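Below is one structure, written out as structure tokens; the observations come after it.
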Protein chains: 2
Amino acid sequence: MTLRQDIHSSGIPVLCLPCEARRRGVCGALEPDDLAQLAKTSSRHNIEPGVELIGDAEAVDCYSNVLSGVVKLTKSLSDGRQQIVGLQFAPDFLGRPFKIKSVINAEAATAVSLCSFPRAAIERMMKQSPEFVHRLLKQALNELDEAREWMVTLGRKTAPEKVASFLLMIARNIDSNVDPAARSACFELPMTRADISDFLGITNETVSRQLTSLRMDGVIRIENNRRVTVDSMSRLERRCGGRGATAVE
Amino acid sequence: MTLRQDIHSSGIPVLCLPCEARRRGVCGALEPDDLAQLAKTSSRHNIEPGVELIGDAEAVDCYSNVLSGVVKLTKSLSDGRQQIVGLQFAPDFLGRPFKIKSVINAEAATAVSLCSFPRAAIERMMKQSPEFVHRLLKQALNELDEAREWMVTLGRKTAPEKVASFLLMIARNIDSNVDPAARSACFELPMTRADISDFLGITNETVSRQLTSLRMDGVIRIENNRRVTVDSMSRLERRCGGRGATAVE
DNA sequence: CGACAAATTGATTCAAATCAAACGTAGTGG
DNA sequence: CCACTACGTTTGATTTGAATCAATTTGTCG
């Protein structure tokens, strides 16, 4: 059975066979031989929460697929004020093509596993596979859409709406046990209150207050500070402020 | 002389010869014959300020190069709150590949001239020219960087810092008479106070107050509500809050 | 000139920040 | 095992920056 599968998927590296990045990520663009070539240079890493993956103004020498966990992308002002400008979930592609130096900071928010490639390998792949560039473009445009959604949240939503929008976004991405109908959801928050506040442009005290407010109103339940249960997603959606940052695509 | 130039640039459509989009925009990726093919389907338009170019949730049937003027990209919540999520200057490429329906609204902020192409022509070009897709990717990544810069401004800067950052960004993009050394600048604001407030996530009253404050402090001068002179750029930069959204790349 | 929209300025209110304290919860070592 | 520390979180009291409400003033255009 395994043998026959190997015949069918001839040329696809064994490691890549079950990989999410091949199904939904950038590797899905590659032909078996391209994939084999790339896989030769790849390495897998398990990262502890809190570890910095790419430093601000640091040279970028590798690119990675996020295989599991959550990576936070941050930018800081010189006086210490910080803003999270993006979150990456599996199977997002991590790294900024064309720029030698990163202008953002990437850090493991949870335990993270990565499949990393040297810069040169990715650059070669971009030259030889138009389909790969195509896929990178798609991911970049999706990230751009997301960034713009959050600009609305940051600029125009109230604190209660911001927190509700955040929970909704996490529920839709982490999604441990959400049926597609998505009447209810239960998930682990991938970050601390302080991180959430840096994502929403508010203080951790305000995040805490809004979470208790949602809890008091019976919209969510919280266990161990991290585990959140949403009984009625539509109830949560109604707390996000008018359609926009929360619209179903 | 003109004749000889025609020989040198054989195949490049006459209209495209002086075009900024060929020098710095997406058309720069194209070989003469690709360019000729695309040019056949192109049409030029002059748009009045305030005209909507792409409606929210509207089908996108054409893509354009911005040849002059400023286009604002907005998103709105259902109760009317609005956020400008991007500004496009020449020679930016306007339109969202891969998405049938636009999730944002594009509107001419100033008088705008466009070079437009039917959807099908751009899609064909993306299939036949990897270099073109490459260029689209570069532009998308630049827009992503900009969006993230503004997320920091929206989430973490004070009202005075927001207004200063906005002026600096405009000065660097409009740039009517700025020497590269950029000691001083003078430019026309491409939008109303209300638009600026929608860009910065504050009210127009606050924008107005901060502009007067900058004027009182001698950082800027304002004529006719629209024409702004910055005598010392570094003085303005110091008002933008720590390095970050205003960093020189 | 008159009319309308855009911008400024002032007075007041309010949402969220700040300051401050207490309360878990997890991990460490005696 | 429990005291002890450290960190993250919650909760409370107070302050404050920007929003809101409300007039004027300025600029633009028919």
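Just so it is clear, the structure is predicted and the values come from calculations on it, not from any experiment. Chain identifiers are assigned alphabetically (A, B, ...) following the order of the sequence lines, protein sequences preceding nucleic acid strands; residue numbering begins at 1 within each chain.
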Presence of salt bridge, [Y] and [X], under 4.0 angstrom:
X       : Y       : answer
E143(B) : R96(B)  : no
K72(B)  : D198(B) : no
R226(B) : E188(B) : no

Find the bend of the helix from dC1(C)-dG30(D) to dG30(C)-dC1(D) as the angle between its two terminal axes (five pairs each), to the nearest 10°.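 Inter-axis angle at the termini of the helix from dC1(C)-dG30(D) to dG30(C)-dC1(D): 30°.
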Result of checking I170(B), N173(B), L73(B) against L87(B) for side chain to side chain contact (heavy atoms under 4.5 Å, CB included): I170(B)
Distance in Å, [X] [atom1] paired with [Y] [atom2], rounded so as to fall on 0.5 Å steps:
X       : Y       : atom1 : atom2 : result
L211(A) : I222(A) : CG    : CD1   : 5.0 Å
I84(B)  : I104(B) : CD1   : CD1   : 11.5 Å
T153(B) : K75(A)  : OG1   : NZ    : 9.5 Å
R156(B) : I202(A) : CZ    : CD1   : 8.0 Å
E52(A)  : I47(A)  : CD    : CD1   : 11.5 Å
L214(B) : I220(B) : CG    : CD1   : 5.0 Å

Which heavy atom of Q83(A) sits nearest to which heavy atom of L200(A), and what is that distance? NE2-N, 4.5 Å
How close do A90(A) and L67(A) get, counting heavy atoms only, and between which atoms? CB-O, 3.2 Å
Hey, does L77(A) have a side-chain heavy atom less than 4.5 Å from the side chain of K157(B)? yes
Please report the C-alpha distance between E223(A) and T229(A) in whole Å, then the side-chain angles of each, then the deciding distance to 0.1 Å, and finally whether the side chain to side chain contact (heavy atoms under 4.5 Å, CB included) criterion is met. CA-CA 8 Å; E223(A) 293 157 64; T229(A) 308; 4.1 Å; yes
Any residue of residues 202-214 of chain B with a heavy atom less than 4.0 Å from an atom of DNA chain D: I202(B), T203(B), E205(B), T206(B), R209(B)
I need the residues from residues 191-200 of chain B with at least one non-hydrogen atom less than 4.0 Å from DNA chain D; give them sorted by number, or say none. none
Within this structure, what is the NZ-to-P distance between K157(B) and dA18(D), rounded to whole angstrom? 14 Å
Using the closest heavy atom to pick a nucleotide of DNA chain D for each, name whichever of R226(A) or R156(A) lands nearer the 5' end. R226(A)
Restricting to ring pair (Phe, Tyr, Trp, His ring centres under 6.0 Å), what partner residues turn up for F166(B), sequence neighbours left out?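 F166(B) satisfies ring pair (Phe, Tyr, Trp, His ring centres under 6.0 Å) with F199(B) once adjacent residues are dropped.
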Would you tabulate the nitrogen or oxygen pairs shorter than 3.5 Å linking the protein to nucleotides 27-29 of chain D?
none

Nucleotides bounding contact with chain B, strand DNA chain C, heavy-atom threshold 4.0 Å: dA7(C) to dA11(C)
